[in-house]
There are 2 protein chains.
Amino acid sequence: MGRWQPDSQGRLEQAALALYSERGFENTTVAEIAAHAGLTERTFFRHFADKREVLFWGAPMLEGLMVSAVEAAPASAAPIDAVAAALEATGPLLEERRDSARQRQRIIDANADLRERELVKLASLAGALAGALRRRGVGEPAATLTAEAGIAVFRVAFARWVSDPKSRDLPQLIRDSLGELQAVTARR
Amino acid sequence: MGRWQPDSQGRLEQAALALYSERGFENTTVAEIAAHAGLTERTFFRHFADKREVLFWGAPMLEGLMVSAVEAAPASAAPIDAVAAALEATGPLLEERRDSARQRQRIIDANADLRERELVKLASLAGALAGALRRRGVGEPAATLTAEAGIAVFRVAFARWVSDPKSRDLPQLIRDSLGELQAVTARR
DNA sequence: AGGCTGATGGCAGTCACTGACATGGCGGGC
DNA sequence: GCCCGCCATGTCAGTGACTGCCATCAGCCT
């Protein structure tokens, strides 16, 4: 038997989610999270850069998924369609974790600091998408604008998917939202 | 003569800008800012909610300006055109303060926490624009998508305006960026 | 004159986060 | 089979952002 219990990071994450849900993010101290995981405060900060980051553990994976999807899109695809494919590519991953996504979103929505951090992650996603587009030869500011518009579509679709318990699946909501964006930005 | 020097808030702001510029946001303590303004740390927090907020003092004014412009747009204007008018309406205000806008942006760009707060302010702008659109009868998700797309356009245009010392004026950059967005999101 | 107000000071406390150093199983090399 | 270095964790002291509470006191109002 090892000197330490296994999966410290996972235990910290579980403890944090439970406490944030029960008493709210602000009313939970890092020391409490660590104690519930059988660890110390100092160890928490070795696994997570700060108290908020526990909730955004999966962001880099999502980012990688989207970037791969842009890269996998046929060279003939228009930038906006490559981005649409990237957004839809997150469908299976998220559908599979719909319940935990919903719990996580409740926690985030209840606290301004967490909403702030969420914006950073979405901005990072937009930056990664824009970079992937530039690697396809898309220039600036087209790459940034396409990526930002895509993230706006994703936000709208994701919000609906999370809030409505019997909404359609995420890729369909993404396609719908993209259609709305195109209708709304169309030149007359 | 009053018991206190006048314009505490202004003195705090000036001291903060100077110190953030000289030694960076992270290497400046609130106590130092307060001391430079001839006040105490406690008073700083009576004027600004937190250490970052000093730099985002003008955001509510910008928000009000944009909302008024949406309200002033003719009822016949399409949502995207009302938003475009709102973005362009910030031109005079910002052109007038181009130098301080540039200094402020250098400070923000140099620090992750400040970039994070900037995202909050932009999201707040988007929310206010979306609300103004809904009051014009625009439904959801069209209102949110139009507002978010507009803010993306503003970000791109503002970044160019700030970074390029001899760029065209802001309203023109906004019109150009909007044109690019429309080109990039157009249905084939 | 007396009392009220509003901006500020002073102070103690909490908590997020950091750096430096100690500890001790475990796995690898010999 | 023993030693040694690694590495995850513990321990501790410190800094700095932010808050609540109460004191102060010039100016204003009555």
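Not measured: the values here are computed from a predicted model. So that the names make sense, note that chain A is the first sequence line, chain B the second, and so on, each numbered from 1.
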- Hey, is the side chain of A/Arg46 pairing donor to acceptor with the base of C/dT18 inside 3.5 Å? no
- Starting from P on C/dT18, measure out to CZ on A/Phe44 and report it in whole angstrom. 11 Å
- Would you say D/dA8 has OP1 or OP2 under 4.0 Å from some side-chain N or O of A/His47? no
- D/dA17, C/dC11, C/dA16: which one has an atom nearest the side-chain heavy atoms of B/Lys51? D/dA17
- Note on the structure: B/Leu39 CG to C/dA7 P, in whole Å, measures 13 Å
- Query: Hey, is CD on A/Gln172 packed in by over 12 heavy atoms from elsewhere, all under 6.0 Å?
  - Reply: yes
- Query: Closer than 4.0 Å, any side-chain N/O of A/Thr40 to the OP1 or OP2 of D/dG10?
  - Reply: yes
- If you find the nucleotide of DNA chain D closest to B/Thr28 and the one closest to B/Trp4, which residue's nucleotide is nearer the 5' end? B/Thr28
- Point-to-point distance, once rounded to the nearest 0.5 Å, from CG of A/Leu181 to CZ of B/Arg187: 9.5 Å
- Message: So for A/Arg3 and C/dG24, does any side-chain atom that can act as donor or acceptor lie under 3.5 Å from a complementary atom in the base?
- Response: yes
- Aromatic rings A/Phe158 and A/Trp161: how do their planes relate, parallel, tilted or perpendicular, breaks at 30° and 60°? tilted
- Atom-pair distance (CZ on B/Arg42; P on C/dT14), nearest Å: 16 Å
- Does a nitrogen or oxygen in the side chain of B/Thr43 sit under 4.0 Å from OP1 or OP2 of C/dG9? yes
- Task: Look up atom OG in A/Ser68 and atom CD in A/Glu63, then write down how far apart they are to the nearest 0.5 Å.
- Result: 10.5 Å
- What integer distance in Å separates B/Asp113:CG from C/dA16:C1'? 12 Å
- Message: Output the rounded distance in Å from CD (B/Glu26) to C1' (C/dC17).
- Response: 12 Å
- Query: Could you state the CD-C1' distance from B/Glu41 to C/dG13, rounded to the nearest angstrom?
  - Reply: 13 Å
- Are A/Ser100 and A/Arg104 side-chain neighbours, meaning at least one heavy-atom pair lies under 4.5 Å? no
- In whole angstroms, how far is the C1' atom of D/dA17 from the CD atom of B/Glu53? 14 Å
- Message: Tell me the interatomic distance from B/Asn27, atom CG, to D/dG16, atom C1', rounded to whole angstroms.
- Response: 13 Å
